[in-house]
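What you are looking at is a predicted structure, and each value in this text was computed from that prediction instead of being measured.
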Amino acid sequence: MNVEVNKRNRWRKFYEPKFLYYYCYKLDEYCKECLRQGNFASVDMKKFSKFQFPILPREIQREIVRILDNFTELTARKVQYKEVLITIRKAIDASPELRSKKQLIEAFIADVNDVNDVVTEWNAYVSEQREKELTQIIQEEKLKEPETRKYLANAFRDGEIKTVGTDIDRELMPPVSRFGGGGRTQKKQTCY
C-alpha cells in the first residue's frame with residue numbers, strides 16, 4: 001500500500017519521521033531522474049506527483065532508521081579517522097626523529113582498534129615488537145641469548161651502545177674457530 005506525498009498530516013499515522021528523512025534521499029534521486037532540460041532545468045511535476053512513499057510496518061521503519069543511523073555514524077568516524085591519519089603522517093614526515101620510527105607507528109595504527117588508553121596500548125605494542133625483533137636477531141645471528149638481553153638492557157638504561165671494548169666479542173658472539181673464517185668481523189659490524 002502506498003500513500004501520496006501531498007496528503008498532509010496523514011503521514012503521522014504511517015511513518016517514523018526519521019524514516020521519511022532518509023527516504024527523501026530516494027526522492028532526491030527521483031527528482032534528478034525527472035528533470036526537464038530547457039532554458040533552465042526543472043522537475044517534471046507530472047512525474048514528480050507520481051512519487052509515492054511506501055508504507056512499511058513501524059518496526060521495519062525503525063530498523064531501517066537504526067541501520068542507516070549506524071551507517072551514518074560509521075561513515076563520520078571513517079572520515080575523522082582519515083583526518084587523524086593525515087595529521088599523524090604529516091607529523092612523522094616533519095620530524096627526523098619520528099621518520100626512523102614511521103614503519104613501527106604505521107603498523108601500530110593499522111593494528112589498533114577502539115582503545116581507551118592509547119599510551120598503554122602503544123607501550124605494550126612497542127614492547128611486543130622489540131621482543132619479536134630481538135628474538136629474531138638472536139636466532140639469525142646465533143647470539144648468546146641471556147648475555148644479549150643483558151647487554152641491550154644496559155644499553156637502553158645508559159642511553160648508548162658501547163662500541164669499544166670486548167663486551168660484544170666475549171659476551172654476545174658465539175665461539176668461533178681460532179683459525180679464522182666464519183666472518184666474525186662482518187658479523188660484529190651487523191650487530192651495530
Side-chain angles (χ1 to χ4, degrees), residues 1-137 139-140 156:
M1 170 159 73
N2 289 323
V3 67
E4 292 180 26
V5 175
N6 60 0
K7 296 198 175 156
R8 298 175 189 249
N9 294 327
R10 285 190 59 204
W11 66 271
R12 293 181 194 274
K13 288 191 273 181
F14 303 107
Y15 296 108
E16 291 290 322
K18 198 132 187 205
F19 173 78
L20 288 176
Y21 165 78
Y22 283 122
Y23 205 78
C24 281
Y25 285 104
K26 189 79 174 157
L27 176 62
D28 180 52
E29 291 174 17
Y30 186 77
C31 287
K32 289 175 185 172
E33 292 172 8
C34 296
L35 279 179
R36 283 192 307 199
Q37 299 295 327
N39 291 341
F40 62 93
S42 64
V43 174
D44 183 348
M45 292 309 288
K46 285 183 182 177
K47 289 182 181 176
F48 178 75
S49 65
K50 293 178 184 175
F51 183 83
Q52 295 182 344
F53 288 83
I55 296 179
L56 302 172
R58 297 286 272 236
E59 305 83 47
I60 293 175
Q61 290 181 38
R62 285 188 204 104
E63 184 63 16
I64 290 170
V65 167
R66 186 189 66 75
I67 291 168
L68 292 173
D69 282 346
N70 287 342
F71 178 76
T72 303
E73 182 181 334
L74 289 173
T75 303
R77 281 187 188 174
K78 188 175 180 181
V79 168
Q80 185 180 20
Y81 178 74
K82 285 182 179 181
E83 290 171 357
V84 168
L85 281 180
I86 290 169
T87 303
I88 290 171
R89 287 195 178 113
K90 285 180 181 178
I92 291 170
D93 292 339
S95 169
E97 292 175 359
L98 290 178
R99 268 187 243 140
S100 65
K101 297 169 183 67
K102 183 175 184 172
Q103 185 178 7
L104 179 67
I105 294 168
E106 288 180 346
F108 171 72
I109 291 170
D111 287 348
V112 75
N113 291 323
D114 280 342
V115 177
N116 292 333
D117 189 0
V118 175
V119 174
T120 303
E121 190 72 19
W122 168 252
N123 288 333
Y125 181 80
V126 169
S127 296
E128 179 183 315
Q129 290 300 311
R130 181 176 53 213
E131 179 61 30
K132 191 184 302 182
E133 290 176 13
L134 178 58
T135 303
Q136 182 181 354
I137 290 170
Q139 289 172 353
E140 286 176 0
F156 280 118

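Take Y21 and apply the ring pair (Phe, Tyr, Trp, His ring centres under 6.0 Å) test, not counting sequence neighbours, and it matches Y25. Residues passing the side chain to side chain donor-acceptor pair (under 3.5 Å) test with R130: none are found, sequence neighbours excluded. With sequence neighbours left out, L68 forms a side-chain contact (heavy atoms from CB on, under 4.5 Å) with Y22, I64. Partners of E59 by side-chain contact (heavy atoms from CB on, under 4.5 Å), not counting sequence neighbours, listed by chain and number: P57, R62. With sequence neighbours left out, the side chain to side chain donor-acceptor pair (under 3.5 Å) criterion links E73 to R77. Residues satisfying the side chain to side chain donor-acceptor pair (under 3.5 Å) test with Q136, not counting sequence neighbours, are E140. For I67, the side-chain contact (heavy atoms from CB on, under 4.5 Å) partners two or more places apart in sequence, or in a different chain, are E63. With sequence neighbours excluded, the residues that form a side-chain contact (heavy atoms from CB on, under 4.5 Å) with L134 are I138, T148, R149, L152.
A 4.5 Å side-chain heavy-atom check between L20 and Q61 finds every atom pair outside the cut-off.
Atom-to-atom distance recorded for R66:CZ and E16:CD is 14.0 Å, nearest 0.5 angstrom. For the atom pair CG (D93) and CD1 (I88), the distance works out to 12.0 Å, reported to the nearest 0.5 Å.
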ask   = What's the verdict on side-chain hydrogen bond (donor to acceptor under 3.5 Å, both in side chains) for T135 and Q139, showing C-alpha distance, side-chain angles and the deciding distance?
value = CA-CA 6 Å; T135 303; Q139 289 172 353; over 6 Å; no
